[in-house]
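Because the structure is predicted, anything quoted here is derived from the model rather than measured. Atoms within each ligand, like the ligands themselves, are counted from 1 in listed order.
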Amino acid sequence: MADPVIVVITGAAGQIAYSLLYNVAKGDVFGKNQKVVLRLLDIGPMMGVLKGVEMEINDCAFPLVSDVVATDDPGTAFSGADVAMLVGAMPRREGMERKDLLKANAKIFKSQGECIDKVAKKSIKVVVVGNPANTNALICAQSAPSIPRENFSALTRLDQNRAQAQVAAKLGIACDAVKDIVIWGNHSSTQFPDLSYAKVLDGEDWVEASSKIQDDDWIHNEFVKTVQTRGAAVIAARKLSSAMSAAKAIGDHVKDWWNGTGPRIVSMGVMSDGKSYGIEEGLMYSFPVKIEGKGVYKIVEGLNINDWQRKMMDVTAEELSNEKKDAFQFLLSE
Ligand code: NAI
């Protein structure tokens with residue numbers, strides 16, 4: 001058996017981590033033959049709760065878990081780490097402005113990036129989940145200059161999974177009979193869930209999703225709105241934000257990044273290179289990607305973009321550009 005993969009999960013005492021840890025520990029992410037070391041990071045006041053999470057992991061007697069470390073010290077958590085799932089973030093409290101949230105989180109992700117830069121493996125793969133995920137991922141990447149930009153990403157897989165489930169429900173088919181949906185831009189209500197290249201299984205053949213849906217109005221309006229506002233709908237119903245589905249999406253994202261996607265298109269927030277789809281360089285923007293070799297994604301180039309898509313893609317890019325400006329302004333004024 002290969003050496004254990006050292007996996008850091010931040011926000012480990014929180015609700016997403018509670019599902020995520022189970023998925024990682026039982027082999028859903030790195031495979032049923034891959035041992036893992038779990039490093040659980042949270043803040044000091046949560047150490048009591050985290051102790052309980054650690055006790056439960058031990059009580060599961062997972063054969064693949066070779067060690068569990070629960071800590072509030074980022075240096076201990078990130079030391080020699082192969083993968084980091086950065087879930088922990090400052091939550092938005094009542095009365096808090098969006099800018100306050102951005103500021104609090106800019107600080108957290110800057111210091112975590114600096115720590116990763118110092119002590120993690122240079123090959124570490126980092127997925128940022130804590131919101132605002134894309135901008136936090138950008139700050140983290142910029143704070144870790146010795147680690148390649150391509151090793152940082154932001155989670156938009158939950159949006160992709162939500163979109164896939166909406167199409168499956170619309171057509172009365174299974175979720176795995178839907179593929180190649182693209183999420184463009186920010187993990188926020190400006191994101192653009194796009195069915196232009198999506199395919200669905202018709203018998204043995206993959207066919208254009210739109211030719212089966214036959215409802216352009218739904219594709220342009222209800223579908224987009226439903227996916228954009230799904231997080232808020234879950235909060236309204238559950239009085240808590242998405243957790244099981246977020247954990248599943250983090251697992252999907254990392255599993256694909258680790259093992260490859262083959263010809264499937266998936267969406268990841270990745271650093272824009274300024275050459276892809278007219279998106280300004282240096283934004284952590286969600287693009288369609290394929291992962292061919294282990295751990296190396298490529299933006300899928302050459303997809304046709306019509307005027308409606310262009311507008312939708314630019315709206316979410318503009319939001320990211322503004323978030324970036326605000327976040328870096330805070331960091332400079334520190
Ligand atoms: P939660 O509030 O249950 O848990 C967050 C945990 O993070 C808490 O235990 C907290 O103490 C910890 N934390 C805060 N600052 C930390 C730091 N500096 N280092 C380590 N841990 C720290 O929240 P939940 O539901 O688990 O969500 C976590 C984050 O994920 C939120 O920001 C949420 O908005 C975001 N999210 C992102 C999604 C995406 O698709 N990108 C989907 C769903 C949630």
Side-chain angles (χ1 to χ4, degrees), residues 8-23 39-54 69-78 84-93 96 98 100-116 126-140 143 152-163 183 185-189 191 193 227-235 238-254 267-269 284 286 320 323:
V8 182
I9 296 181
T10 73
Q15 54 150 3
I16 293 177
Y18 197 71
S19 292
L20 178 60
L21 281 162
Y22 181 73
N23 297 347
R39 301 262 184 81
L40 317 183
L41 180 69
D42 211 295
I43 51 175
M46 297 305 286
M47 284 304 105
V49 175
L50 195 59
K51 183 74 201 158
V53 174
E54 182 187 4
V69 178
T71 180
D72 60 357
D73 173 34
T76 304
F78 291 117
M85 305 175 179
L86 305 186
V87 180
M90 174 75 79
R92 189 165 187 162
R93 301 219 172 81
M96 207 175 182
R98 194 188 71 89
D100 299 332
L101 185 75
L102 208 55
K103 189 174 178 179
N105 282 297
K107 277 200 215 158
I108 293 175
F109 286 86
K110 178 172 185 272
S111 77
Q112 290 188 352
E114 287 167 350
C115 185
I116 289 171
V126 180
V127 55
V128 176
V129 180
N131 278 318
N134 301 54
T135 298
N136 290 341
L138 178 66
I139 290 167
C140 191
S143 306
F152 293 85
S153 63
L155 186 78
T156 53
R157 185 59 170 265
L158 176 54
D159 308 298
Q160 179 191 317
N161 287 351
R162 286 167 171 164
I183 305 295
N186 201 1
H187 168 71
S188 74
S189 57
Q191 66 174 269
V227 178
Q228 285 176 335
T229 58
R230 187 68 167 180
V234 170
I235 293 176
R238 213 171 82 88
K239 316 293 175 228
L240 284 169
S241 60
S242 306
M244 185 191 351
S245 55
K248 161 69 166 52
I250 299 165
D252 290 346
H253 176 112
V254 175
S267 292
M268 284 169 71
M284 200 57 85
S286 180
L320 278 174
E323 272 186 20

Chemist: Identify, for atom 5 (C) of ligand 1, the protein heavy atom at the shortest distance, and state residue, atom and that distance.
Modeler: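 The closest heavy atom on the protein side is Gly14 CA, 4.3 Å.
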Chemist: Donor-acceptor check, side chain of Ser267 to backbone of Ile183, threshold 3.5 angstrom: yes or no?
Modeler: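 Such a contact is found between Ser267 side chain and Ile183 backbone.
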Chemist: If you take the nearest heavy atom of each of Pro74, Pro91, Gly11, which one is closest to atom 7 (O) of ligand 1?
Modeler: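 Among Pro74, Pro91, Gly11, the closest heavy atom to atom 7 (O) of ligand 1 comes from Gly11.
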Chemist: Of the non-hydrogen atoms in Ala154 and Val127, which two are nearest, and what is the gap between them?
Modeler: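 Minimum heavy-atom contact is C-CG2, 4.4 Å.
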Chemist: Using heavy-atom distances, let me know which of Val129, Thr156, Leu240 sits nearest atom 37 (C) of ligand 1.
Modeler: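 Answer by nearest heavy atom: Val129.
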Chemist: What atoms in ligand 1 come closer than 4.0 Å to a heavy atom of Gln112?
Modeler: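 Here the atoms of ligand 1 in question are 17 (C), 18 (N), 19 (N).
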Chemist: Any heavy-atom pair between the side chains of His253 and Met268 that's under 4.5 Å?
Modeler: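 Answer yes - side chains close enough.
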Chemist: For atom 14 (C) of ligand 1, what is the closest protein heavy atom, and at what distance to 0.1 Å?
Modeler: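 Its nearest protein heavy-atom neighbour is Ala89 O, 3.4 Å.
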Chemist: Check whether any side-chain heavy atom of Asn105 lies under 4.5 Å from a side-chain heavy atom of Asn131, and answer yes or no.
Modeler: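 Contact flag for Asn105/Asn131 side chains = no.
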Chemist: Is the closest N or O pair between Asn131 and ligand 1 shorter than 3.5 Å?
Modeler: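 Yes.
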Chemist: Can you find a protein heavy atom under 4.0 Å from atom 2 (O) of ligand 1?
Modeler: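 So atom 2 (O) of ligand 1 lacks protein heavy-atom neighbours under 4.0 Å.
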Chemist: Can you tell which part of His187 has a heavy atom less than 4.0 Å from ligand 1: side chain, backbone, both or neither?
Modeler: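 Side chain only.
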Chemist: How about Leu240 and Gln15: do any of their side-chain heavy atoms sit closer than 4.5 Å?
Modeler: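 Side chain of Leu240 against side chain of Gln15, heavy atoms only: contact under 4.5 Å found.
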Chemist: Where the side chain of Thr10 meets the backbone of Val87, is there a donor-acceptor pair that is under 3.5 Å apart?
Modeler: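 Looks like yes, one N/O pair under 3.5 Å.
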Chemist: Of the listed options (Ile43, Asp72, Val128, Thr71), which comes nearest to atom 22 (C) of ligand 1 when hydrogens are ignored and any heavy atom counts?
Modeler: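 Closest candidate by heavy-atom distance is Ile43.
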Chemist: Kindly check if the number of other-residue, nucleotide or ligand heavy atoms within 6.0 Å of CZ (Arg162) is above 12?
Modeler: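 More than 12 within 6.0 Å, yes.
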Chemist: Evaluating non-hydrogen atoms only, which member of Leu101, Leu158, Val8 is closest to atom 42 (C) of ligand 1?
Modeler: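 The option holding the nearest heavy atom is Leu158.
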Chemist: With heavy-atom distances below 4.0 Å as the criterion, list the atoms of ligand 1 near Val87.
Modeler: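 The list of qualifying atoms is 28 (C), 29 (C), 30 (O).
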Chemist: Within the 4.0 Å heavy-atom shell around Ser241, which atoms of ligand 1 are there?
Modeler: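 What qualifies from ligand 1 is 25 (O).
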Chemist: Nearest protein heavy-atom contact for atom 18 (N) of ligand 1: which residue, which atom, what distance?
Modeler: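 It is Ile108 CG2, 3.4 Å.
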Chemist: When you compare the side chain of Leu41 with that of Phe78, does any pair of heavy atoms fall below 4.5 Å?
Modeler: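 In short, these two side chains touch, coming nearer than 4.5 Å.
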Chemist: Do Asp159 and His187 have side chains that get closer than 4.5 Å, going by heavy atoms?
Modeler: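 Yes, their side chains come closer than 4.5 Å.
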Chemist: Below 4.0 angstrom from a heavy atom of Ala13, which ligand 1 atoms are there? Numbered from 1 as shown, please.
Modeler: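 Reading through ligand 1 atom by atom, the close ones are 9 (O).
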Chemist: Quick check on contacts: which atoms of ligand 1 are under 4.0 angstrom from a heavy atom of Met46?
Modeler: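 Close to Met46: 9 (O), 11 (O).
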Chemist: Between Asn136, Asp42, Ile16, which one has a non-hydrogen atom sitting closest to atom 27 (O) of ligand 1?
Modeler: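 Residue with the shortest heavy-atom distance to the ligand atom: Ile16.
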Chemist: Between the side chains of Glu323 and Asn186, is a donor N or O closer than 3.5 angstrom to an acceptor N or O?
Modeler: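 Looking only at side-chain atoms, Asn186 and Glu323 do form a donor-acceptor pair, the distance falling under 3.5 Å.
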Chemist: Give me the residue, atom name and distance of the protein heavy atom closest to atom 23 (O) of ligand 1.
Modeler: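 Atom 23 (O) of ligand 1 sits closest to the protein heavy atom Gln15 CG, 4.4 Å.
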Chemist: Taking the side chain as everything from C-beta on, heavy atoms only, tell me whether Val227 gets closer than 4.5 Å to Arg230.
Modeler: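 The answer is no, as the side chains (C-beta and beyond) never meet within the 4.5 Å cut-off.
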